[in-house]
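First the structure, in the form of structure tokens, and then the observations on it.
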2 protein chains.
Amino acid sequence: MTDLDDTDRAILRILVHDATQSAAQVGRAVGIGQPAAWRRIKRLTDHGIIAGRRVMLDNAALGFGVTVFLGIRLAAKGRTSLEDFERAVTAIPEVQLVQHVLGQFDYRLRITARDITDFERILRRRIMTLPGVGQVEANVMLSEERRPGPLG
Amino acid sequence: MTDLDDTDRAILRILVHDATQSAAQVGRAVGIGQPAAWRRIKRLTDHGIIAGRRVMLDNAALGFGVTVFLGIRLAAKGRTSLEDFERAVTAIPEVQLVQHVLGQFDYRLRITARDITDFERILRRRIMTLPGVGQVEANVMLSEERRPGPLG
DNA sequence: CTTGAAAAGAACTGCCT
DNA sequence: AGGCAGTTCTTTTCAAG
């Protein structure tokens, strides 16, 4: 495992929040020069600690004002049913995130819909018809706040 | 609300997956030139549809191999208790995501821990001592798959 | 680690179809 | 809207302290 020092952690903290910053800006923020910052970022990327760069979309601005989290417990758990379920759930365009979990539920899904009516349509016609669905729990998201996480 | 055409949607689909691509590369992928692609990306950013750019971290590579989702129902729901709870939960470094939700639970938290022992420590000393916690449900994440979402 | 420099490429601008 | 050409900036690599 690669060991990171405080400077690496500071760099990650910045880039997780805003990856538009240049290596020079990041370097200035953490008290090192541009080449040093660049080398560190490259090392973190090469070692897979930085796993990728993505743009974040404003779902509301795209007309998808409703985000719902579903907890799904499968009725019949066989080896094949997990794969069947995953294949089917992956084909639903409104599903943003599929998490295989251990606990009260077997899967957690993040769904985006235009409005509650649209969500009901997705739930009835897409989710409830998935192979093997048992108990389904829904939580509508009101607000969300991302935190830096274990980096501090 | 800004209306997007198919080209805009194609651009977003690419950048949500990998934002390291240059405007020229994105343009080539959607069949337009570099300046046209750049102008579209800028417009999408200015209109807030692209809400930001972030690096994705590999929590496992950072030594945080365990991700747990907590559903939390507050015991006493008063006007102040929501704010007290949010303030306290925000101060826990292992909390990556705080979602205020409507449904069976009041909040959903994403927690990262080094291992299950570490998670138990966080749960007992940090989560269970939060102001107003009632019912707590935990799901340990096994795997996660992101999908393009409503864009296609 | 730093500074400085140079080459490549990406970002940005103005003009034209 | 898109394309072309040019300018400015960052990125990326180097040498040297």
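Chain letters run A, B, ... following the sequence lines, proteins first, then strands; residues in each count from 1.
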### Query
To the nearest Å, how far apart are B:Q21 CD and C:dA10 C1'?
14 Å
### Query
Is a donor-acceptor contact shorter than 3.5 angstrom present between the side chain of B:Q34 and the base of D:dC4?
no
### Task
Would you indicate which nucleotide in C:dA10, D:dG2, C:dC1 comes nearest to any side-chain atom of B:A36?
D:dG2
### Query
Could one point to a donor on the side chain of B:R40 or the base of D:dG2 with an acceptor on the other under 3.5 Å away?
no
### Query
How long is the line joining CD1 of B:I32 and C1' of D:dC4, in whole Å?
15 Å
### Query
What interatomic distance, in whole Å, is found between C1' of D:dG17 and the corresponding atom of C:dA7?
22 Å
### Query
Is B:R110 salt-bridged to B:E144, cutoff N-O under 4.0 Å?
yes
### Query
Once you round it to whole Å, what is the distance between C1' of C:dG9 and CZ of B:R28?
12 Å
### Message
Using the rule side chain to side chain contact (heavy atoms under 4.5 Å, CB included), only one of B:I92, B:I72, B:L109 pairs with B:V98; which is it?
### Response
B:L109
### Query
Taking NZ from A:K42 and P from D:dT13, how many angstroms apart are they, rounded to a whole number?
6 Å
### Query
How long is the line joining CD of A:Q25 and P of D:dT10, in whole Å?
8 Å
### Query
Among C:dA11, D:dT11, C:dG4, which nucleotide sits nearest the side chain of A:P35?
C:dG4
### Query
What closest approach, in Å, do A:H17 and B:R54 show between heavy atoms, and which atom pair accounts for it?
O-NE, 3.5 Å
### Message
Output the rounded distance in Å from CZ (B:R43) to P (C:dC12).
### Response
16 Å
### 5′-ward residue of the pair B:W38/A:G31 relative to DNA chain C
A:G31
### Query
Less than 4.0 Å between a side-chain N and a carboxylate O, is that true for A:R43 and A:D46?
no
### Task
Please report, rounded to the nearest Å, how far the C1' atom of D:dA15 is from the CZ atom of A:R39.
12 Å
### Query
Nearest to the side chain of A:S22, which nucleotide is it out of D:dG2, C:dA11, D:dT10?
D:dT10
### Query
Is a salt bridge present between B:D115 and B:R121, judged by a nitrogen-to-oxygen distance below 4.0 Å?
no
